Amino acid sequence: MTELKIEKNLSNEIDFASFENNEIEITGMIQNLRVLSWGAFLILRTPVYTIQTVIDKNNINIQPESLKTESTLKIKGIVKKAVIKDKAINQRDFEIQISNICVISAPSVETLPVDTTKKELNINLNTKFDMRPLTLRHPRERAIFKIAAVICNEFAGYLTSINFTRISSPKIVKSGAEGGANIFELDYFKTKAYLAQSPQFYKQMMVGIFGKVFEIGPVFRAEKHDTSRHLNEYISLDFEMGFINSFYDIIQVETNVLNSIFSKINKTCSNEIDLLEIKIPEITKIICIKFDEVHQIIFDEFKKDYRTEKDLDPEEERLICEYAKNKWDTEFVFVTHYPAEKRPFYAKEDPDEPSRTLSFDLLFRGIEITTGGQRLHQYDEYINKMNKLGMNTQLFESYLQCFKFGMPPHGGLGLGLERLTSCICGLANVKEASLFPRDINRLEP
Ligand code: AMO
């Protein structure tokens with residue numbers, strides 16, 4: 001039997017000021033190594049810091065020329081005050097003058113296939129994704145996913161603070177929630193199953209139990225085309241809430257959760273913001289434009305006629321954002337009342353105009369980041385709508401139970417993490433905001 005002492009402080013955080021002029025021992029990996037005539041600057045990457053260390057050739061047990069970037073080291077040295085400008089280094093007030101280096105592990109190749117020490121990687125997307133275990137070590141790549149992590153944490157934190165309950169729904173399912181052909185089929189012990197396109201059915205069922213719920217999890221879309229906006233697996237940030245008066249209640253919650261995320265990023269990611277040279281937005285006004293009005297504005301202002309189309313063209317999404325920025329000084333546009341034929345069966349129709357739904361998309365910097373809206377909540381409404389659409393209601397009986405047993409008026413939304421992250425970080429392709437993107441041509445790494 002071995003009994004371990006319970007360690008209380010596992011955060012890896014160091015108060016460098018309290019070590020000034022004193023010896024410290026830390027472990028990390030070599031982010032960058034610059035060998036000079038007198039010694040070297042070595043940037044060490046730890047779970048919390050990238051910190052500059054200085055090697056004096058005459059006062060070290062290992063010569064810097066023999067070290068390889070990405071090696072794991074345990075170093076000993078004296079903490080000194082410093083003024084560091086390099087944005088790739090997040091500890092800019094202190095450096096360490098190394099007195100001893102212990103190489104714990106080193107790469108097994110002589111030279112790394114991609115130089116992660118350059119300011120920008122400057123390699124094509126395929127190479128970047130092929131070598132993800134290495135290319136993600138680049139400070140700018142890491143910064144993207146630090147921001148994505150804050151988005152998830154704050155989505156959860158804010159919604160929890162207003163009494164939403166976190167849920168986790170199954171990803172292997174009996175029927176698709178979103179319709180369309182972009183669904184992956186599985187052989188599930190001789191019956192047909194699917195990979196969940198969204199947690200839609202489950203989050204609705206859970207409203208009957210907890211009233212307000214949210215989920216952060218992967219969803220799967222068998223997108224047949226390789227585009228800069230689509231992934232075949234992405235992280236969906238979902239919430240669903242009961243007792244709503246209208247879908248505008250959902251828009252209010254989304255506005256607050258997004259502003260809370262933006263302010264958290266500003267508070268905790270100043271290094272990442274600096275490194276990526278980005279400005280974090282804020283929703284200062286809630287601008288809602290009806291779907292038909294968008295077509296009309298695009299026609300009147302940009303002379304493009306999409307007025308008979310039942311969905312927004314990506315060009316329209318871009319143009320309406322440009323228009324809103326100039327006219328209302330906002331980067332966020334809620335487009336409401338989408339045509340019923342383009343929304344899934346669970347979307348509630350507008351009683352004043354049944355061809356339109358009480359639903360919305362949120363557009364940000366030219367791209368749709370959210371779909372949401374009010375749902376049907378009466379069993380009969382579901383049966384009638386599904387019959388009208390020629391759907392087999394028996395296939396959905398387990399989902400429909402909740403409506404049979406009584407549900408409050410409710411609604412919610414799905415927010416694509418990679419789309420939000422890529423828009424915040426100014427990335428041209430949503431795949432760059434996925435650690436290990438999946439598209440029609442990619443299943444590895
Ligand atoms: P929808 O299908 O519009 O709605 O998806 C919601 C949000 O998910 C993101 N998204 C994607 N991101 C990357 N790759 C894709 N292939 C992809 N498809 C969608 C977008 C989109 O706005 N159940 C509804 C949501 C709801 O009403 O609650 C749904 O899934 O950001």
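Each ligand, and each atom within it, is numbered from 1 in the order the structure gives. The model shown is predicted, which means the values in this text are computed figures rather than measured ones.
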Closer than 4.0 Å to some heavy atom of [X] - which atoms of ligand 1 meet that?
X    : value
R229 : 13 (C), 14 (N)
T370 : 22 (O)
E368 : 3 (O), 20 (C), 21 (C), 22 (O), 31 (O)
S198 : 23 (N), 30 (O)
Y346 : 23 (N), 24 (C)
G372 : 27 (O)
L413 : 26 (C), 28 (O)

Looking only at protein heavy atoms, identify the closest one to [atom] and say how far it is in Å.
atom                    : result
atom 20 (C) of ligand 1 : R419 NH1, 3.7 Å
atom 6 (C) of ligand 1  : G414 O, 3.5 Å
atom 8 (O) of ligand 1  : Y234 OH, 3.0 Å

Nearest non-hydrogen atom to atom 2 (O) of ligand 1 belongs to which of Q197, K203, E178, R221?
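Minimum heavy-atom distance to atom 2 (O) of ligand 1 goes to R221.
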From the options L237, I235, L231, select the one whose nearest heavy atom is closest to atom 14 (N) of ligand 1.
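Minimum heavy-atom distance to atom 14 (N) of ligand 1 goes to L231.
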Less than 6.0 Å separating the ring centroids of F184 and Y194?
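No - the distance between ring centres of F184 and Y194 does not fall below the 6.0 Å cut-off.
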Aromatic ring proximity F299/H295, centre distance under 6.0 Å:
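When the ring centroids of F299 and H295 are compared, they turn out to be at least 6.0 Å apart.
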Can you say whether the rings of [X] and [Y] are parallel (under 30°), tilted (30 to 60°) or perpendicular (over 60°)?
X    : Y    : value
F201 : Y399 : parallel
Y323 : W328 : perpendicular
F247 : H337 : perpendicular

Just by distance, with hydrogens left out, do S169 and K171 show a side-chain donor and acceptor under 3.5 Å apart?
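The answer is yes; a qualifying pair exists.
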Between ligand 1 and [X], is the shortest N or O to N or O distance under 3.5 Å?
X    : answer
V430 : no
T371 : yes
E223 : yes
E240 : no
G373 : no

Would you kindly specify which portion of R375 sits under 4.0 Å from ligand 1, judged on non-hydrogen atoms: side chain, backbone, both or neither?
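The answer is the side chain of R375.
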Among Y382, F345, F403, ring-ring contact (aromatic ring centres under 6.0 Å, His included) partner for F396:
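Answer to the ring-ring contact (aromatic ring centres under 6.0 Å, His included) test with F396 among Y382, F345, F403: F345.
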